[in-house]
Amino acid sequence: MTKRVPISFEFFPPKTDAGAEKLRAVHQDLQQLNPEFFSITYGAGGSTRERTLAAISDFNGKGTPVAPHLSCIGDDKARIAELLDLYKSQGIDRIVALRGDLPSGQVGLGELPYAQDLVRFIREHSGDHFKIEVAAYPEMHPQAESFDLDIQRFAEKVHAGANSAITQFFFNPDAYFYFIERIAKLGVHIPVAPGIMPITNASNLIRFADGTGAEIPRWIRKQLQAYGDDSKSIQAFGHEVVVKLCERLIAGGAPSLHFYTMNHIQPNRQLVTDLGLA
Ligand code: FAD
């Protein structure tokens with residue numbers, strides 16, 4: 001039987017009123033699975049600022065804590081300080097602190113070019129009020145010069161004040177275990193939650209993976225291609241692959257799981273239920 005570990009769910013802020021309405025239903029449903037928190041993404045340079053705030057105010061105070069994402073690249077300290085003060089006044093005590101990715105063509109990095117600068121700034125501005133989550137990349141951040149440098153940078157984020165981390169999605173559990181081993185050698189022992197991407201649609205998955213530097217192992221890619229338009233078979237196969245991945249991660253010591261929900265109930269509900277984590 002799988003050991004029971006805490007779960008969390010990630011949403012992105014909807015663009016339309018209909019999307020917001022739908023997300024309220026998703027939130028209500030997934031809340032029944034008793035997650036530790038819901039996180040809401042934030043577009044780099046403040047591009048989703050109003051929509052992220054709207055989603056936060058929809059869900060904050062409705063039982064499960066919310067954790068706003070906050071990215072720093074292309075933004076300035078005054079605007080970030082405003083958000084930190086607002087979140088604190090709303091009783092929010094967890095932030096996912098990220099660098100973000102600037103849209104192509106935008107060149108100014110802003111006053112806080114890296115996530116470690118943001119973490120330092122949050123600690124300077126808000127002291128110990130927030131629990132700070134940061135991003136981790138078991139398969140290496142796509143812009144990193146080397147794995148060694150990337151994990152050193154990760155350790156710097158932790159030394160700047162991060163409490164825990166959430167990974168980019170991946171399908172190779174060995175990459176996660178190796179990452180944990182290597183950061184431990186740097187004296188970093190914070191909880192690192194694997195980010196879990198459900199598999200439901202081959203072309204979307206390949207697009208996300210290409211955009212984030214995540215590897216889809218050949219045996220998964222080939223199988224998905226072989227199913228073509230047979231979405232039922234893709235979903236059944238995807239479910240089996242992700243359940244097995246989560247089981248291995250939990251058995252190997254992953255402290256919790258963070259689901260990239262893509263604002264859907266299924267397959268997140270099914271995964272959590274079949275893993276016995278609800
Ligand atoms: P950093 O930790 O700053 O690292 C970025 C790169 O710079 C790495 O290659 C690192 O090795 C290097 N680096 C770090 N510090 C230094 C330094 N001092 N000098 C030189 N190089 C350095 N993006 C959004 O826009 N909004 C979101 O809401 C969002 N949510 C996310 C949630 C999770 C769980 C994850 C894993 C990613 C999320 N992202 C989000 C994407 C993320 O912003 C991008 O992957 C971005 O490219 C890197 O962000 P980071 O916080 O890891 O940056």
Side-chain angles (χ1 to χ4, degrees), residues 7-14 36-53 55-56 66-75 80 83 87 94-104 106 109-122 131-170 175-176 179 182-183 186 188 190-197 208-215 254-263:
I7 51 169
S8 53
F9 293 117
E10 180 169 315
F11 294 147
F12 59 85
E36 194 182 5
F37 63 92
F38 287 102
S39 81
I40 318 279
T41 65
Y42 180 86
S47 57
T48 67
R49 190 178 168 108
E50 298 313 318
R51 288 192 279 122
T52 297
L53 286 173
I56 298 287
V66 290
H69 292 211
L70 188 51
S71 66
C72 56
I73 200 165
D75 227 323
I80 290 173
L83 282 179
Y87 291 146
R94 186 192 296 251
I95 296 270
V96 185
L98 305 141
R99 184 195 71 173
D101 290 309
L102 280 181
S104 54
Q106 199 172 328
L109 300 182
E111 293 178 278
L112 303 166
Y114 294 105
Q116 60 171 276
D117 303 314
L118 175 60
V119 173
R120 212 167 282 117
F121 180 70
I122 297 173
K131 179 175 196 296
I132 303 179
E133 306 267 358
V134 287
Y137 300 84
E139 294 179 337
M140 201 173 124
H141 184 265
Q143 289 155 3
E145 296 146 61
S146 70
F147 185 81
D148 281 0
L149 259 182
D150 204 29
I151 58 169
Q152 267 178 43
R153 304 297 192 198
F154 178 77
E156 287 164 17
K157 285 197 280 201
V158 176
H159 296 141
N163 303 101
S164 45
I166 302 171
T167 75
Q168 185 53 272
F169 73 87
F170 59 88
Y176 171 82
F179 179 85
R182 290 294 306 274
I183 60 169
L186 298 176
V188 173
I190 61 165
V192 179
I196 303 298
M197 179 65 86
F208 294 142
D210 290 348
T212 57
E215 191 201 14
S256 57
L257 299 177
H258 180 79
F259 289 84
Y260 292 107
T261 68
M262 309 313 290
N263 292 5

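Numbers here are sequence positions counted from 1. Whatever order the structure lists ligands and atoms in, that order sets their numbers, starting from 1.
Atom CD1 in Ile80 sits 5.0 Å away from atom CG in Leu112 (nearest 0.5 Å). In this structure, His141 NE2 and Phe147 CZ are separated by 14.0 Å, a value rounded to the nearest 0.5 Å. The CD1 atom of Ile151 sits 8.0 Å away from atom CD1 of Ile183, with the distance rounded to the nearest 0.5 Å. The CG atom of Leu149 sits 9.0 Å away from the CE atom of Met140 when rounded to the nearest 0.5 Å.
For atom 26 (N) of ligand 1, the nearest protein heavy atom (residue, atom name, distance) is Tyr42 O, 2.6 Å. The closest protein non-hydrogen atom to atom 38 (C) of ligand 1 is Leu98 CD2, 3.6 Å. For atom 23 (N) of ligand 1, the nearest non-hydrogen atom of the protein is Gly100 CA, 3.9 Å. The single protein non-hydrogen atom nearest to atom 1 (P) of ligand 1 is Ala115 CB, 3.8 Å, given as residue, atom name and distance. Of the protein's non-hydrogen atoms, Gln116 NE2, 3.4 Å is the one closest to atom 18 (N) of ligand 1. Protein heavy atom in closest approach to atom 44 (C) of ligand 1: Asp101 OD2, 3.3 Å. Of all protein heavy atoms, the one lying nearest to atom 32 (C) of ligand 1 is His69 CE1, 3.6 Å.
Looking at ligand 1, you won't find any N or O of Ser71 less than 3.5 Å from one of its N or O atoms. Any N or O atom pair closer than 3.5 Å counts here, and Thr167 shares no such pair with ligand 1. The shortest N/O to N/O separation between Thr41 and ligand 1 does not fall below 3.5 Å. Residue Arg99 has at least one N or O atom closer than 3.5 Å to an N or O atom of ligand 1. Of the polar atoms of Asp150, at least one N or O is found under 3.5 Å from an N or O of ligand 1, judged by distance alone. Not one N or O of Gln168 is nearer than 3.5 Å to an N or O of ligand 1, by distance alone. Considering backbone and side-chain atoms alike, Ala135 places every N or O at 3.5 Å or more from each N or O of ligand 1. An N or O contact shorter than 3.5 Å links His141 to ligand 1 by distance.
Not a single heavy atom of Phe147 sits under 4.0 Å from any atom of ligand 1. Using 4.0 Å as the threshold, Phe154 has no heavy atom nearer than that to any atom of ligand 1. In this structure, Val96 does not count as a contact residue of ligand 1, since none of its heavy atoms falls inside 4.0 Å of the ligand. Taking a 4.0 Å cut-off on heavy atoms, Leu149 fails to register as neighbouring ligand 1.
Between the side chains of Thr41 and His69, no donor N or O sits under 3.5 Å from an acceptor N or O.
Side chain of Lys131 to backbone of Ser164: no donor-acceptor contact under 3.5 angstrom is found. Side chain of Glu156 to backbone of Gln116: no donor-acceptor contact under 3.5 angstrom is found. Asn163 places a side-chain N or O within donor-acceptor distance of the main-chain N or O of Ile132, the cut-off being under 3.5 Å. At least one donor-acceptor pair under 3.5 Å links the side chain of Thr167 to the backbone N or O of Gly195. The backbone N or O of Pro13 lies less than 3.5 Å from a partner atom in the side chain of Arg51, making a donor-acceptor pair. No donor-acceptor pair closer than 3.5 Å links the side chain of Ser39 to the backbone N or O of Pro68.
A salt bridge between Asp117 and Arg120 is present, with a side-chain N of the basic residue lying under 4.0 Å from a carboxylate O of the acidic one.
Using bins of under 30°, 30° to 60° and over 60° for the plane-to-plane angle, the ring pair Tyr260/Phe169 lands in the perpendicular bin.
Within a 4.0 Å radius of atom 4 (O) of ligand 1, the protein contributes no non-hydrogen atoms.
Each of the atoms 25 (O) of ligand 1 lies under 4.0 Å from some heavy atom of Ala44. Near Gln143, meaning under 4.0 Å from one of its heavy atoms, ligand 1 places the atoms 9 (O).
For the residues Glu10, Glu156, Lys157, Arg153, the heavy atom positioned nearest atom 21 (N) of ligand 1 is part of Arg153. In the candidate list Tyr137, Phe12, Tyr114, Tyr137 is nearest to atom 45 (O) of ligand 1, counting heavy atoms.
Taking each heavy atom of His258 and Ser8 in turn, the nearest pair found is ND1-OG, 2.7 Å.
Checked against a 6.0 Å centroid threshold, the rings of Phe179 and Phe154 count as neighbours.
Only the side chain of Tyr260 comes within 4.0 Å of ligand 1, counting heavy atoms alone; its backbone N, CA, C and O stay farther away.
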